[in-house]
Amino acid sequence: MNELTSLGVDQQLLIDEGERELEVLERLLKEIENQRQLVRSVDVRDAVFNLTENMDLKVNPQAKLNVLDELRTSAYGKVVHVEDEDGKSRVYRIAQANGSVIKNKDGRELMVVNRLAPVAGILAPAEIGDEVELPVVGTCHVTATDLLERYDRGHLDDFISLIYSTESDPDTAFILKHVRASVDKWNSRLLDDAVLDESTGTDGEEVFTGDSRASLGSSFYTRTTTKQEELIRRPRRGLLIVEGIAGSGKTSVALGRVKALYQASEFSETEDEYDAFFNDKSQMVGFVLHKQLINYLEQTLVDLNLSQMKVREFKELQNELLRKRGGVLSLKMPGNADGRYSRIKAEELPFEQSMAWLRLVEKEVVNIFMERIETKLTGQTEWIRGLGITDLRIDRLKINHRELLEKAWEIATESFLVWKRQLLTRGTRTFYAEGFVRRIKTVYERFYDLVSEDARWYYYDSGWHLRSKRDDEIEIPFQPFNGRQFPKRGSDWLKTFRDRVRTQFRQCLYMDSTVEHMPRLSDWYGEAIGNLLASDLPENFELNGIVERVNGSKLSDADLNILLAITNMLSSGYEYSEQDQKRIAAYLSSPHYYSTVFIDEVQDFSEIEVYLMGEASHPDRKAVTVVGDFKQQLYEGKVSDLSDCFPSAAENELEVQELLDNKRQCENLANHSAYFRATISRLEAPSDTPEPIYGDELTDETISEGELRTQILERIVSTPVGQSIAVICPTNELAKELESGLRDDIQANFRESQYSEDNRDLNKPLYVHFTVPKPTKGLEFDVVIAPCFDHYDLDVDLEAHAAYVAVTRPKSALHILRGQ
């Protein structure tokens, strides 16, 4: 950023704005404390300081305190100055928290607007020169904007920076850092007619800013673009797919939507739209590619007052599901003594991780499951005939319990067979296994009820029937399984008989808690693969590796993900309850659901992984946000058809939303990234984007191998202290070699270096990080040095994508070095 004097701007303008915001901040904090006491001690409706403008006043007091605490911590992030059609000026301050401050006790307006208010949605993306239509107020012209970030420095409440823009030059931002100290310092200098010394830059520290914290921060939530704002405010249910160029704020949208869902749940206006569904932050989850992104986002969640929300790698979800399903999958896991299958790290082909493969295997496994159940249900004649039957009578009628059992068994079995025939008519986007156990339970309940004490049977025409005969003389049905009408001996026998036949029927359904009567899903998976070997498969579906693994009782991650997906489908909608007297076994009950899910860098997960993460969202809402960029896809065998990963989504939910504004990089680097993206996409240069200018912040040089270390060191040494640096190499070997060779020289210049083969510690600005593109995904640095850039083969998609990731990580400077 340029210094104030170099821009020819009256310094007093910026100082006055800083003083004004500091005064507002002091009044705001004072009134927040007043309101916190009112919430604790008196009816909020008596408070002058009105937190709940346009909202239901019957809000939980604790929710009010939570909002006040967040407002005290974050204050507001954007100030918008507008002028209405009558020439009246107004100032709106957009809060991160969902609370509004209208006025304090002396009647002066503060106009801190709650984040979910309609006016905040209009003004958060507003820029100088915009014409906006504000509720009640009407048409207004945006005359100035301030962008603020709050932080605590000891006991001093302050803004970390004030970014001020004026209508006279809306494309220029004047920045004051550490506002309180800087205002005092600059005021004293102005009184002495002090002038900035542009040549030395000694006083530039207060004018230069850059948030080097290892997180996104929270400022994006009050400074959205129009498109981001629209996406953040999407309905409180359903799937949202966002694709965007590097640095376009995709992750910000994902976190912003979660934040909006939580805030909406704090204040209930109507039960239909704003309820407590999203009120538990611990039941929200984000899935990211690697642990470094977890560290990166966790600090952002603290900044957003969402610290209880979970951010996880896919592996954590996988392991959670494996612990739940270990028994039914016969896995050799702790506590599962009968497990037969162990985990193996194996080379997997891309098709093994695709939804197309899951559909083939799932259908085959369900067919096997159904055939096994049918065989068992229809093969019980000898068992039934072998049952010992006690001679019981009601009045003069001898009760033939064997005949009744045969009838009940036949009726329940037929209900299963009808369902099996119906299953074959399911649509192509619907899985056969979906809701399987819930339907199995329905079949079991049918049988359970037929032999229950309350079962009503009619006897006529020398047989037992469920309905009375028309015009039959018998008007009162029999209850032949009700033991109360028999002597104790008969009653005890009947109870044992009911339990025994129900257990047998349950075991025929593979829904008993004993191991030998559980579904043999891992075995059936192997059998399904064998069946598919004999069918017509696409050429790239090579099954020999899978057959070899399963025959050796080994399962790879791809195998386990397939089985976890199938078990989740089977268990969909089945909630196990200890109080359910008609219950079947718990091992295929529904998994744990989260109220909302977001998936970051979605392009680098496999299709089945995406499916499993999406299915972790509660089925009542399916509130899933998916963000990614397929020009940053760095792994083989990952998502190719994102819509196929969400089979239950409506067509309008599968419409991809695009973000095309690079918010991470300065304008010149953003232009370079746009041109590079067009190159690897085999497209013409973007006509609406200026060509990048090569200079101090962007260099692209061809050097000899002997000059490489010297050139890298020069750029590291010339980077201002406090700015983060990453040296992003094409290979780990090169990164390791360069870091080792330059370590002493870097340390001699009062910096530290670190080789990061994976994603550890990449967000520590103290170090110069030597790494490769993969672990830097989703992260950003002030400066990036990209040595040996010519080693990327831009005709190979994954290498071209890696190169694109490298050039889009820096915020302020990029240095590309090529070999001769």
Side-chain angles (χ1 to χ4, degrees), residues 313-369 371-372 431-433 510 515-516 518-571 587-588 591 604-613 615 635-640 645:
E313 294 178 89
F314 171 76
K315 277 287 186 185
E316 293 182 68
L317 174 65
Q318 184 193 52
N319 288 335
E320 175 187 294
L321 293 172
L322 288 173
R323 286 192 296 271
K324 182 178 180 64
R325 310 298 191 195
V328 74
L329 296 180
S330 304
L331 303 181
K332 288 184 178 179
M333 298 180 69
N336 188 25
D338 298 302
R340 302 187 307 282
Y341 288 85
S342 58
R343 193 175 198 159
I344 185 174
K345 188 172 182 63
E347 184 177 348
E348 298 163 342
L349 298 176
F351 82 89
E352 295 181 56
Q353 306 180 71
S354 68
M355 290 296 288
W357 175 239
L358 172 60
R359 289 182 184 280
L360 287 173
V361 174
E362 177 267 343
K363 182 178 180 180
E364 199 63 41
V365 169
V366 170
N367 280 335
I368 293 170
F369 201 166
E371 292 299 328
R372 293 292 192 280
F431 288 101
Y432 292 84
Y510 289 92
V515 172
E516 62 268 26
M518 289 184 182
R520 301 181 180 276
L521 292 176
S522 294
D523 292 347
W524 296 346
Y525 172 63
E527 188 176 334
I529 302 301
N531 293 344
L532 289 169
L533 269 172
S535 63
D536 292 328
L537 293 174
E539 283 187 18
N540 61 328
F541 282 32
E542 173 53 60
L543 307 188
N544 289 335
I546 306 176
V547 172
E548 183 178 348
R549 290 196 301 264
V550 178
N551 286 345
S553 297
K554 309 287 186 183
L555 297 172
S556 70
D557 274 350
D559 301 322
L560 291 169
N561 288 341
I562 287 274
L563 287 166
L564 290 176
I566 292 173
T567 54
N568 275 9
M569 295 173 201
L570 293 170
S571 65
Y587 47 75
L588 281 177
D604 282 327
F605 292 101
S606 75
E607 291 184 353
I608 299 176
E609 288 171 346
V610 174
Y611 172 78
L612 283 169
M613 290 185 285
E615 289 298 299
Y635 299 85
E636 291 278 6
K638 303 307 178 182
V639 175
S640 61
C645 302

ask   = Do the side chains of Tyr611 and Met569 get nearer than 4.5 Å, heavy atoms only?
value = yes
request  = Taking all heavy atoms of Val365 and all of Ala528, pick out the closest pair and write down the distance.
outcome  = CG2-CB, 3.9 Å
note = In terms of heavy-atom contacts, Gly326 and Asn336 come closest through O-ND2, 3.1 Å
query = Under the criterion side-chain contact (heavy atoms from CB on, under 4.5 Å), which of Leu570, Asn568, Leu564 is the partner of Ile566?
reply = Leu570
inquiry  = Counting C-beta onward and ignoring hydrogens, is there a side-chain heavy-atom pair between Phe314 and Ser606 closer than 4.5 Å?
reply    = no
task = Report the distance from atom CG of Leu560 to atom CG of Asn319, rounding to the nearest 0.5 Å.
result = 9.5 Å
task = Mind checking the CG-CG spacing from Leu521 to Leu563? Nearest 0.5 Å is all I need.
result = 7.0 Å
query = Is the backbone of Ala558 close enough, under 3.5 Å, to the side chain of Glu348 for a donor and an acceptor to pair up by distance?
reply = yes
message = Considering only residues two or more places apart or on different chains, which pairs with a residue in residues 527-537 satisfy side chain to side chain donor-acceptor pair (under 3.5 Å)?
response = Glu364-Asn531, Arg372-Glu527
ask   = Can you find a pair of side-chain heavy atoms, one from Arg520 and one from Ser330, that are under 4.5 Å apart?
value = no
query = When you check the gap from the basic side-chain N to the acidic O, do Lys315 and Asp557 get nearer than 4.0 Å?
reply = yes
inquiry  = Just to verify, which of Gln318, Glu352, Glu607 counts as forming a side-chain hydrogen bond (donor to acceptor under 3.5 Å, both in side chains) with Asn561?
reply    = Gln318
message = Can you tell me how the ring of Phe541 sits relative to the ring of Phe351, calling it parallel under 30°, perpendicular over 60° and tilted otherwise?
response = parallel
ask   = Given side chains that start at C-beta, do those of Leu322 and Arg343 come closer than 4.5 Å, heavy atoms only?
value = yes
message = I'd like to know whether Glu548 forms a side-chain contact (heavy atoms from CB on, under 4.5 Å) with Asn551, so could you lay out the CA-CA distance, the side-chain angles of the two residues, the decisive distance to 0.1 Å, and finally the verdict.
response = CA-CA 5 Å; Glu548 183 178 348; Asn551 286 345; over 6 Å; no
request  = Would you indicate whether the side-chain heavy atoms of Met518 and Asp338 approach each other to under 4.5 Å?
outcome  = no
query = Do Asp523 and Tyr341 come close enough that some side-chain heavy atom pair is under 4.5 Å?
reply = yes
ask   = Under 3.5 Å, side chain of Ser522 to main-chain N/O of Leu329, donor-acceptor pair present?
value = yes
task = For Arg325 and Ser571, test the side chains for any donor-to-acceptor distance below 3.5 angstrom and give the result as yes or no.
result = yes
query = Looking at OG of Ser640 and CE of Met355, how far apart are the two atoms once the value is rounded to the nearest 0.5 Å?
reply = 11.0 Å
task = Assess the pair Tyr432 and Phe369: is the distance between their ring centroids shorter than 6.0 Å?
result = no
Leu555 side chain reached by Val550 side chain, heavy atoms, under 4.5 Å = yes
Min side-chain heavy-atom separation Ile546-Trp357 under 4.5 Å = yes
query = If you look at every heavy atom in Ser342 and Lys332, which pair is closest and at what distance?
reply = CB-CD, 4.2 Å
task = Give a yes or no on whether the backbone of Ala433 and the side-chain of Glu362 come within a donor-acceptor separation of less than 3.5 Å.
result = yes
task = Look up atom CG in Asp604 and atom CD in Glu609, then write down how far apart they are to the nearest 0.5 Å.
result = 10.5 Å
